[in-house]
Chemist: 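First the structure, which I've put down as structure tokens, then a few questions once you've had a look.
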Number of protein chains: 2
Amino acid sequence: MSRKNEILKVAESRVRTGGYNNVSHREIANEIGIKSASVHYHFKTKEDLGAELAHQYTDSFLHALGEPADMINSGENPVARYIELFRTALIRDKKMCLCGLLGAESDCLPDKVRFEIKRFFELNIEWVKQSYVLLTPDDAAHAKTRAIKLISVLEGALMMSKAMDDIELFDLATLDLDLVGSAGSAG
Amino acid sequence: MSRKNEILKVAESRVRTGGYNNVSHREIANEIGIKSASVHYHFKTKEDLGAELAHQYTDSFLHALGEPADMINSGENPVARYIELFRTALIRDKKMCLCGLLGAESDCLPDKVRFEIKRFFELNIEWVKQSYVLLTPDDAAHAKTRAIKLISVLEGALMMSKAMDDIELFDLATLDLDLVGSAGSAG
DNA sequence: GTCTATAATTTGATAGAC
DNA sequence: GTCTATCAAATTATAGAC
């Protein structure tokens with residue numbers, strides 16, 4: 001793993017644990033065995049580090065999701081996979097969604113970081129919306145609203161599970177979610 | 001307003017904007033015209049300040065909610081008021097829920113603060129659960145799960161609205177929520 | 001090209017002034 | 001009782017070593 005990716009990895013862990021102000025050059029440097037000032041060679045400013053971190057997180061997230069159309073062709077429900085990816089963040093990483101936590105802090109973030117957070121949600125809304133359109137073409141008019149509802153409950157469920165230190169809360173919150181039917185048809 | 005409450009007010013604004021690490025003694029002090037060290041007279045440590053802030057926020061939130069039984073007696077839907085209180089946080093304050101943001105950072109917070117965040121969500125789940133029990137006694141078995149779902153979507157909707165800097169997202173996410181019927185009956 | 005010595009600023013806290 | 005001078009540690013950044 002390149003030095004740059006080592007830095008991003010440590011930064012991701014720390015930001016997903018406590019937000020933008022929970023990461024510092026020194027802690028990153030200590031963890032990978034360089035001096036804190038060395039981080040500045042790889043990322044000119046902290047703002048640049050944060051922005052590149054969020055951008056890469058978004059790309060990696062979308063890559064893990066894949067293409068809704070492909071999934072449907074192979075008999076998989078893309079919305080179910082979307083939910084599962086959020087669950088993975090909680091179960092495997094034991095951490096928040098990077099862009100969820102940063103999104104909540106948006107008003108105090110540097111411009112470049114805020115821009116990348118927005119990009120994450122725009123692309124996520126579009127991905128889920130497209131999935132709903134493919135799953136239920138007759139209800140295409142509601143696809144975007146349903147996408148926003150789904151992402152909201154997933155981000156909120158992550159947040160509550162961390163707050164209560166109880167993974168089961170996530171499963172309760174995401175029980176019988178809107179997988180296929182029109183908004184609120186599950187249950 | 002007492003000095004102590006002045007400090008809490010500034011701290012609340014800053015924490016709700018950027019989390020626990022977004023507040024500092026100096027900024028608090030500057031804003032109210034004292035020296036940063038003076039804050040330590042009113043709150044021994046930052047942990048104590050954070051804990052008292054979260055405790056007071058929780059009490060104030062519950063007080064604004066009132067008693068579900070009273071509301072039902074006077075013909076008001078308590079769940080509708082609950083949703084409205086979250087909306088107020090966004091529209092009037094233009095800020096996150098204090099305990100939502102801190103909850104997402106839970107793993108890096110001092111013990112006393114984490115304890116208060118947990119208390120917020122425990123009391124909120126209980127309040128909403130009780131409301132559902134009163135509204136739909138026949139579905140009492142699902143009341144707690146429905147409460148968790150509702151709080152999740154509200155916290156997530158706040159988060160997304162801040163991330164996208166778009167209040168309308170909150171209204172879309174909370175359109176046709178589970179006000180009375182059993183889980184997922186809305187739509 | 002990669003990294004570090006060093007610095008300016010900020011942070012949380014103590015010891016003590018009035 | 002209320003507040004401040006002062007401090008030790010941490011944070012981001014620069015200038016320059018190798």
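When reading the values below, keep in mind they use all heavy atoms of this one structure, side chains included, and skip hydrogens, waters and symmetry mates. Note on naming: letters A, B, ... go to the chains in the order of the sequence lines (proteins, then strands), and numbering restarts at 1 for each one.
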Chemist: At a heavy-atom distance below 4.0 Å, what parts of residues 45-54 of chain B sit against DNA chain C?
Modeler: B/Thr45, B/Lys46
Chemist: Once you round to the nearest 0.5 Å, how far does OG of B/Ser24 lie from CG of A/Asn21?
Modeler: 10.5 Å
Chemist: Write down the distance between CZ (B/Phe43) and C1' (C/dA13), rounded to a whole number of angstrom.
Modeler: 16 Å
Chemist: Can you say whether the rings of A/Tyr82 and A/Phe86 are parallel (under 30°), tilted (30 to 60°) or perpendicular (over 60°)?
Modeler: tilted
Chemist: Give me each pair satisfying side chain to side chain donor-acceptor pair (under 3.5 Å) with a member in residues 89-103 of chain B, each pair once, sequence neighbours excluded.
Modeler: B/Arg16-B/Asp93
Chemist: For residues 101-111 of chain B, which residues have at least one heavy atom under 4.0 Å from DNA chain D?
Modeler: none
Chemist: Compare the minimum distances between each of C/dA13, D/dC3, C/dG1 and the side chain of A/Tyr41, then state the nucleotide with the smallest one.
Modeler: C/dG1
Chemist: Could you pull out all donor-acceptor pairs under 3.5 Å where a side-chain atom in residues 104-112 of chain A meets a protein atom, sequence neighbours excluded?
Modeler:
residue: A/Glu105; atom: OE1; partner: A/Tyr20; partner atom: N; Å: 3.0
residue: A/Asp107; atom: OD2; partner: B/Lys162; partner atom: NZ; Å: 2.7
residue: A/Asp111; atom: OD1; partner: A/Arg114; partner atom: NH2; Å: 2.5
residue: A/Lys112; atom: NZ; partner: A/Asp48; partner atom: OD1; Å: 2.7

Chemist: So if I take every side-chain heavy atom of B/His25 and compare against D/dT12, C/dC3, C/dA13, which nucleotide ends up nearest?
Modeler: C/dA13
Chemist: Answer yes or no: does a side-chain N or O of A/Arg3 lie under 4.0 Å from OP1 or OP2 of C/dG1?
Modeler: no
Chemist: Kindly write out the residues that satisfy ring-ring contact (aromatic ring centres under 6.0 Å, His included) with B/His55, not counting sequence neighbours, or none if the list is empty.
Modeler: none
Chemist: Scan residues 26-39 of chain A against DNA chain C and write down, sorted by residue number, each residue with any heavy atom closer than 4.0 Å; if none is found, say none.
Modeler: A/Ile34, A/Lys35, A/Ala37, A/Ser38
